[in-house]
Number of protein chains: 2
Amino acid sequence: MIQDRALRPNTKVLPEHIRLNNRTLVLQTLYRTGLQSRADLARETGLTRVTVSDLISELMGENLVIELGQRQESRPGKPATLLDINRAAFQIISLDLSGHTRLRGAVLSLDGAVLSSSGLDLAGARGEAAFDKVAELLAQVIARATAPILGVGIGSPGIVDRAGVVRNAPNLGWRDQPLQARLQDTTGLPVRVVNDANAAVLAEHSFGGADHDLLLVKVGHGVGAGLLIGGRAIFGERFAAGEIGHVVVGTDDGPLCACGKSGCLEAWLSVPRLTAAIHDATAAAATPADAERAIFDILSEAGRRLGIILAPVVGALNLLEIVLSGPPELLDGALSAATVETLRSRTMATETGDLTLRMTAQGEDIVLRGAAVMVLSAQLGVS
Amino acid sequence: MIQDRALRPNTKVLPEHIRLNNRTLVLQTLYRTGLQSRADLARETGLTRVTVSDLISELMGENLVIELGQRQESRPGKPATLLDINRAAFQIISLDLSGHTRLRGAVLSLDGAVLSSSGLDLAGARGEAAFDKVAELLAQVIARATAPILGVGIGSPGIVDRAGVVRNAPNLGWRDQPLQARLQDTTGLPVRVVNDANAAVLAEHSFGGADHDLLLVKVGHGVGAGLLIGGRAIFGERFAAGEIGHVVVGTDDGPLCACGKSGCLEAWLSVPRLTAAIHDATAAAATPADAERAIFDILSEAGRRLGIILAPVVGALNLLEIVLSGPPELLDGALSAATVETLRSRTMATETGDLTLRMTAQGEDIVLRGAAVMVLSAQLGVS
DNA sequence: TTTCGTTCGTAAGGTTTACTAACAAACATG
DNA sequence: CATGTTTGTTAGTAAACCTTACGAACGAAA
């Protein structure tokens, strides 16, 4: 009876919080569907036209919503005044720090479209030097914005806590780096820092359409995952959810990993390992056909290993949708085919609903767009 | 800024919803700590004394809260009137349908203590006959209640959806059995039906103390798991979360399972399999020492297999706490030792915080108590 | 013993919120 | 041209919390 309202009451609620909730609800509805009248919004949200009008006038006062003239449809009754989020009024800045050698940055529209992008070579910088590079790139990207900036979203590799402190990022040489707070200070803008794979899964969720629970596996220099259940990202007790790169696969040793263990997923699946293996196999092959077969075997085995790791996760969480992000020439073929086949043969997937595995449609901008989702969610409550 | 309130605004909120939230907040606080004054509650919840007084008088009107005289402490100021949940005013009925041959039922106090318990042999009943057995047991248990009944909680094996429909429970011969609705009709009481492992993890969470994310593995005739993340149970897209019994372990075949695959977790770990293997080994052993060693090996290997399945889940979710439920003579020893050792050696557990694995402290009543938690949560918003 | 400060619970009045009811404006249709 | 429909606004109401103020009951100190 009570739990139906799904509010887990851990905090008190005041009348003014109602306002915030309903305001966000209206903004959310408008963000998703766009071009609706006040009456439409009232019907869709369940609020009355009066309340919607009031909220809309507040939102228009903040330049978040604009009127776009009357609906042209020919109907009885007074014509509706169409509204939309003022999509040109603000822009979002995103950084992707997950590249092994190169940082990326972009200006995005409120819709998550990349308006202009920049890059900066890390050039081996670590620790404070790496921070300086990030700050430099951020300043560059900010300078390219052509509208007021709603906020800054950053996808960082490593373990990032809820306050945007990068607890541990080996590649950048960071330990307990309070990236969010520092950049917020230097820029004066709202900043959100999240793990790159978590950003990616948010992008896939918001822009990829389906409203399923989602596991995204990001294959790059390392292997990480982002997990979204019931519309919420899972961060983990120590903010290390998705760190599956150093979980051992299978019961037959496997290649030695940099971490000291044998048979880690990363030792099978990371881009450097795969390219090296393919390179070696190609060099050793007598004929092009031999090379092709060898490459197929390497990718299939990597895919199988990924499937073996994912099977218990898929079973335990009853996941129906898995998305891969990374170089398509490696992932999108024998590898993903082997993964999905392994998954199906090792779980009860057929019993509990069909399992889907696919490449992301977001391409290389996935982390940038996901970081933008964080900003939208934090600043507007919208996604 | 906005997302800080953590209300995902998918529905409108009205002023009266505030009341419900704060009422539940007060009740929750009182349920957890017990014996507090109105002023104490005001301090703890952040609400004013006025509002708390108002809510309390409402709750006292429903006989949910009672006054227990004045606090005996010697302090300046007017002495406080102590309040508590009226723990004797209501009782909860729970059923545990997960036994392979025997159904269990109990009357519980609002604190989750078992007041009286009953049982009924399934005697091989399936389908409608099994339903009749359940209804019969429920009527028996209801008759033993000595106070108004708050509700009925039922832990059922198999896949149970949010509406309490048992989608699939092979042992009971049920498919799409609307257990919750049917029993609600026959008894006129509020009924909640959940999967047995999910009930178990709720019990462990509510009565076990720690507020960690939690994975509970329930080993019985089959093997299932319940998962709790951020205080919420995970049900899965098709309500089959936790169904890890038929996930294949490792890359070396393993024993044939009833489901047709080889090396399913259940084929290694279920109670019938383990007892049979131990029986055979004991019969074949030349000396008692040999038998003991053989048993140790069997249990260790089973534990290792469990660890292999759990490692990816622990890594992906960054879990710190795993609880085992089942026969202690099988689980609590070589088996759990092997599991935790396997987990630590196959994940980065040491890097991301210490991993705990332990037996449940709830014993055999775990499902009954978990089902009671469902009722408390549904009827009072409390847990 | 009296006075003072403290704490508890309640009463009265104010603010915020969304609701209902009613209305004018603008349009299509018969 | 009258009628019905739809839109958005105005006015008034109900519910929820808050702030302010107060009496009651107690310990400590004069």
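Here is the naming used below: chain letters follow the sequence lines, and residue numbers restart at 1 for every chain.
At distances below 3.5 Å, not a single donor-acceptor pair connects side-chain atoms of A/Q91 with backbone N or O atoms of A/L110.
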Take A/L179 and A/V165 through the side chain to side chain contact (heavy atoms under 4.5 Å, CB included) test and state the conclusion after the steps. CA-CA 6 Å; A/L179 191 62; A/V165 176; over 6 Å; no
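Between B/R19 and D/dA15 there is no side-chain N or O to OP1 or OP2 distance below 4.0 Å. OP1 and OP2 of C/dT7 both lie 4.0 Å or more from every side-chain N or O belonging to B/R71. Phosphate contact (OP1/OP2 of C/dA18, side-chain N/O of A/N22, threshold under 4.0 Å): present.
For the segment residues 45-54 of chain B, the set of residues with a heavy atom within less than 4.0 Å of an atom of DNA chain C comprises B/R49, B/V50, B/S53, in numerical order.
In the set C/dA18, C/dC8, D/dC18, the nucleotide with an atom closest to the side chain of B/P15 is C/dA18. For B/I18, the side-chain atoms get nearest to D/dC17 when compared with the rest of D/dC17, C/dC27, D/dC26.
Both tests pass for A/R369 against the ring of A/F207: distance under 6.0 Å to the centre and angle within 45° of the axis.
In this structure, B/R43 and B/D40 have side chains that are in contact, with non-hydrogen atoms separated by less than 4.5 Å.
Between its opening and closing five pairs, the helix from C/dT1-D/dA30 to C/dG30-D/dC1 changes axis direction by 10°, a value rounded to 10 degrees.
Contact annotation for B/R43: backbone-only contact, meaning every heavy-atom pair under 4.0 Å involves sugar-phosphate atoms and none involves a base.
Two residues, A/K78 and B/P79, neighbour DNA chain C, and the one matched to the more 5' nucleotide by heavy-atom proximity is B/P79.
What you find for A/N318 and B/F239 is that their closest heavy atoms are OD1-N, 3.3 Å.
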